[in-house]
2 protein chains.
Amino acid sequence: MKILKKLYLARSARKMKYQILLVDDHQILLEGTKAIIDGASDLFEVKDTAHTPERAQELLKNNDYDILITDYEMPNMKGLELIKIAKTVLPEIKTIVLSMHDEPSVIRELLKIGADGFILKKDTHQSIIDALDKVTRGKKFLSEDVSEILIHGIDDDKNKDLTPREVEITKLIAKEYSTKQIADILFISERTVETHRKNILKKTGTNNVVGLVRYAYKNNLV
Amino acid sequence: MKILKKLYLARSARKMKYQILLVDDHQILLEGTKAIIDGASDLFEVKDTAHTPERAQELLKNNDYDILITDYEMPNMKGLELIKIAKTVLPEIKTIVLSMHDEPSVIRELLKIGADGFILKKDTHQSIIDALDKVTRGKKFLSEDVSEILIHGIDDDKNKDLTPREVEITKLIAKEYSTKQIADILFISERTVETHRKNILKKTGTNNVVGLVRYAYKNNLV
DNA sequence: TAATCCATACCCGATGTTGGGTATCTTTTT
DNA sequence: AAAAAGATACCCAACATCGGGTATGGATTA
């Protein structure tokens, strides 16, 4: 809190812009968002952009940023992990997630690991500016739509979280591996895989693989 | 061809900008892309934007545009249908599709119905400008990545198209209906559904429902 | 320490899926 | 008019999945 205020004051005293690192695997969205930010406010500036999480990681290590804005769905690494890395390298950095998906579970997970803002790609550009404004003041920002989802998605909590092992198996199922193949890959018995499978079906509230694959898609396990 | 050249000359003679209608259900991408186009060239101008296909349809009927740039994946209506509508209302309009997905079948389908350009969201903003440039000269534009995909996806043609009935059944399977339920819904025998099922698996090159559901997701049947 | 959770593994039986066919009738294409 | 494609429907056998259990050892939490 204290650090933040100091940072904020320092910036404004020196009339410096907040330096932003923008990450998205879609080049066009990257450039579009940069155009929005650079054009809409003279308080913020996109210092660098990265279109892979790896490149972002590299930039984070060798530069100083005030804010990280990142896509959530990216190849190899989820926005989630990138945020964790960013918070480690630059503990004071503020993070905003830009996502297509509006699954309550994902949003909750992000907030839990300390993301400061969450915006959907279908929100307006004003949301981005509002979010930047809020997070630099040390507050959390959720776009209207996101709040809406959180409120109406509460009972969704009964969807108990899958255990790590169950997530692993769900992913393999969704990759078209058979029970036998999964057993071979994980060096466990087919019976065990079947047990996991049954538990997963129960937890996800479906009664066949199709439902499971749909669950995997909705929760970005694919 | 003739008409196009006339249009092109007329525009430049009058020093008028090409009028663009931009359609995308993600507000941020809409505004970002608009910023890119308006900022990068004084030959083109985003006259209107729409975040639903319905709104786009309305605009198309009451206004004149030279170019339509549309997302492919949208609720209710696919970019495909919007292009058909646009070409009906304004036969001379040029159409460019902006898509996340890089399925050869989708690209081929779009080119078949007369789309003039195809860009992936992971391409650079220069691709958009290049595309605008080309299509106003009456040429087709495929971004490098897209051409790449088309070339390496040729043998994908063995993925013979599913028949209407097969598509119908695929959708039902992907909606978690069992063979028995599908038989009831379509008033046909379970045996028939099984036959369709087998043919679909063969055509899509998979050997279980999981692969089928993945196919459904990739081809926007879900 | 006791209770809970997680991962492991087995049993059983019912039901569903997959892969191999063949066959008829209608519609569309050549 | 002949050929091809599409939708219908059946047979059979092998295999996988699903739903109901129970059980055990290890780790974590209360």
Side-chain angles (χ1 to χ4, degrees), chain A residues 105 108-109 112-113 157-217 219 221-222, chain B residues 105 108-109 112-113 156-219 221-222:
Chain A
S105 57
R108 260 187 281 268
E109 197 180 4
K112 209 159 65 189
I113 67 150
D157 247 356
K158 75 171 187 313
N159 267 3
K160 274 190 221 117
D161 287 332
L162 299 183
T163 67
R165 195 55 154 176
E166 286 166 350
V167 170
E168 198 177 3
I169 288 172
T170 304
K171 284 181 183 176
L172 289 171
I173 294 174
K175 274 182 189 152
E176 286 179 62
Y177 290 108
S178 68
T179 296
K180 190 179 184 60
Q181 288 175 309
I182 295 172
D184 288 345
I185 291 169
L186 299 179
F187 300 107
I188 55 178
S189 151
E190 280 190 60
R191 305 291 146 268
T192 307
V193 178
E194 279 169 8
T195 301
H196 282 304
R197 201 185 249 271
K198 279 182 278 190
N199 291 336
I200 294 167
L201 286 184
K202 206 174 279 173
K203 283 190 185 176
T204 56
T206 55
N207 56 343
N208 56 32
V209 257
V210 176
L212 200 58
V213 176
R214 289 169 66 100
Y215 173 89
Y217 268 92
N219 291 74
L221 304 176
V222 198
Chain B
S105 57
R108 261 187 278 270
E109 197 180 4
K112 210 160 63 186
I113 66 148
D156 163 285
D157 245 357
K158 78 176 185 314
N159 267 3
K160 275 191 222 115
D161 287 333
L162 298 183
T163 66
R165 194 56 153 179
E166 286 166 351
V167 169
E168 197 175 5
I169 288 173
T170 303
K171 284 182 181 174
L172 290 170
I173 293 173
K175 274 182 190 152
E176 286 178 62
Y177 289 108
S178 68
T179 296
K180 193 181 180 56
Q181 287 175 308
I182 294 172
D184 288 346
I185 291 168
L186 300 179
F187 300 108
I188 55 179
S189 152
E190 279 190 61
R191 304 292 145 268
T192 306
V193 178
E194 279 169 7
T195 301
H196 282 304
R197 201 184 249 270
K198 280 181 278 189
N199 292 335
I200 294 166
L201 287 183
K202 205 171 282 176
K203 283 187 184 178
T204 55
T206 56
N207 54 343
N208 57 30
V209 255
V210 176
L212 202 58
V213 176
R214 289 170 68 100
Y215 174 89
Y217 268 92
K218 284 185 194 163
N219 290 75
L221 303 178
V222 197

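Naming convention: chains lettered A, B, ... in sequence-line order (proteins, then strands); numbering from 1 in each chain. Keep in mind that the numbers below use all heavy atoms, side chains included, and drop hydrogens, waters and symmetry copies.
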Taking the side chain of A:V209 as heavy atoms from C-beta outward, which of C:dA7, D:dC18, C:dG19 is closest to it?
D:dC18
Spacing of B:I188 atom CD1 relative to D:dC10 atom P, expressed in whole Å:
11 Å
Below 4.0 angstrom, N of the basic side chain to O of the carboxylate: do B:E168 and B:K171 qualify?
no
Within the structure, does a side-chain N or O atom of A:R197 lie under 4.0 Å from either OP1 or OP2 of D:dT17?
yes
Separation of atom CZ in B:F187 from atom P in D:dA7, rounded to whole Å
18 Å
Checking C:dT17, D:dC10, C:dT8 against the side chain of B:S189 (C-beta onward), the nearest is D:dC10
Taking only side-chain N and O atoms of B:T163, does any of them lie within less than 4.0 angstrom of OP1 or OP2 on D:dA5?
no
Considering only C:dG19, C:dT8, D:dA7, which nucleotide approaches the side chain of B:K198 most closely?
C:dG19
Look at the side-chain N and O atoms of A:R191 and state whether any lies under 4.0 Å from the OP1 or OP2 oxygen of C:dT8.
no
Atom CG of A:L186 to atom C1' of C:dT8: distance rounded to whole Å?
12 Å
Could you check whether any side-chain N or O of A:N199 sits under 3.5 Å from a backbone N or O of A:K202, counting only pairs where one atom can act as donor and the other as acceptor?
no
Distance check needed: D:dA14 P versus B:E194 CD, whole Å only.
17 Å
Distance in angstrom units between A:L201 CG and C:dG16 P, rounded:
15 Å
Using a 4.5 Å cut-off on heavy atoms from C-beta on, say whether the side chain of A:Y177 contacts that of A:I169.
no
Can you give me the closest heavy-atom contact between A:T204 and A:L212, atom names plus distance?
OG1-CD1, 3.9 Å
Value in whole Å for how far the P atom of C:dA7 lies from CG of A:L162
10 Å
Report the distance from atom CD of A:E194 to atom CD of A:E190, rounding to the nearest 0.5 Å.
6.5 Å
For the residue pair B:E166 and B:I200, what are the closest heavy atoms and their distance?
O-CD1, 3.5 Å
Hey, does the side-chain of B:T192 have a donor or acceptor N/O within less than 3.5 Å of a partner on the base of D:dC10?
no
How many Å lie between CD1 on A:I200 and P on D:dG19, as a whole number?
13 Å
What is the minimum heavy-atom distance between B:I173 and A:V210, and which atoms define it?
O-CG1, 3.3 Å
For DNA chain D, determine which residues of residues 173-181 of chain A have any heavy atom closer than 4.0 angstrom to one of its atoms, and list them numerically.
A:T179
Could you state the CG-P distance from B:N199 to C:dG21, rounded to the nearest angstrom?
13 Å
A:N208 vs B:H196, nearer the 5' end of DNA chain D by closest nucleotide:
B:H196
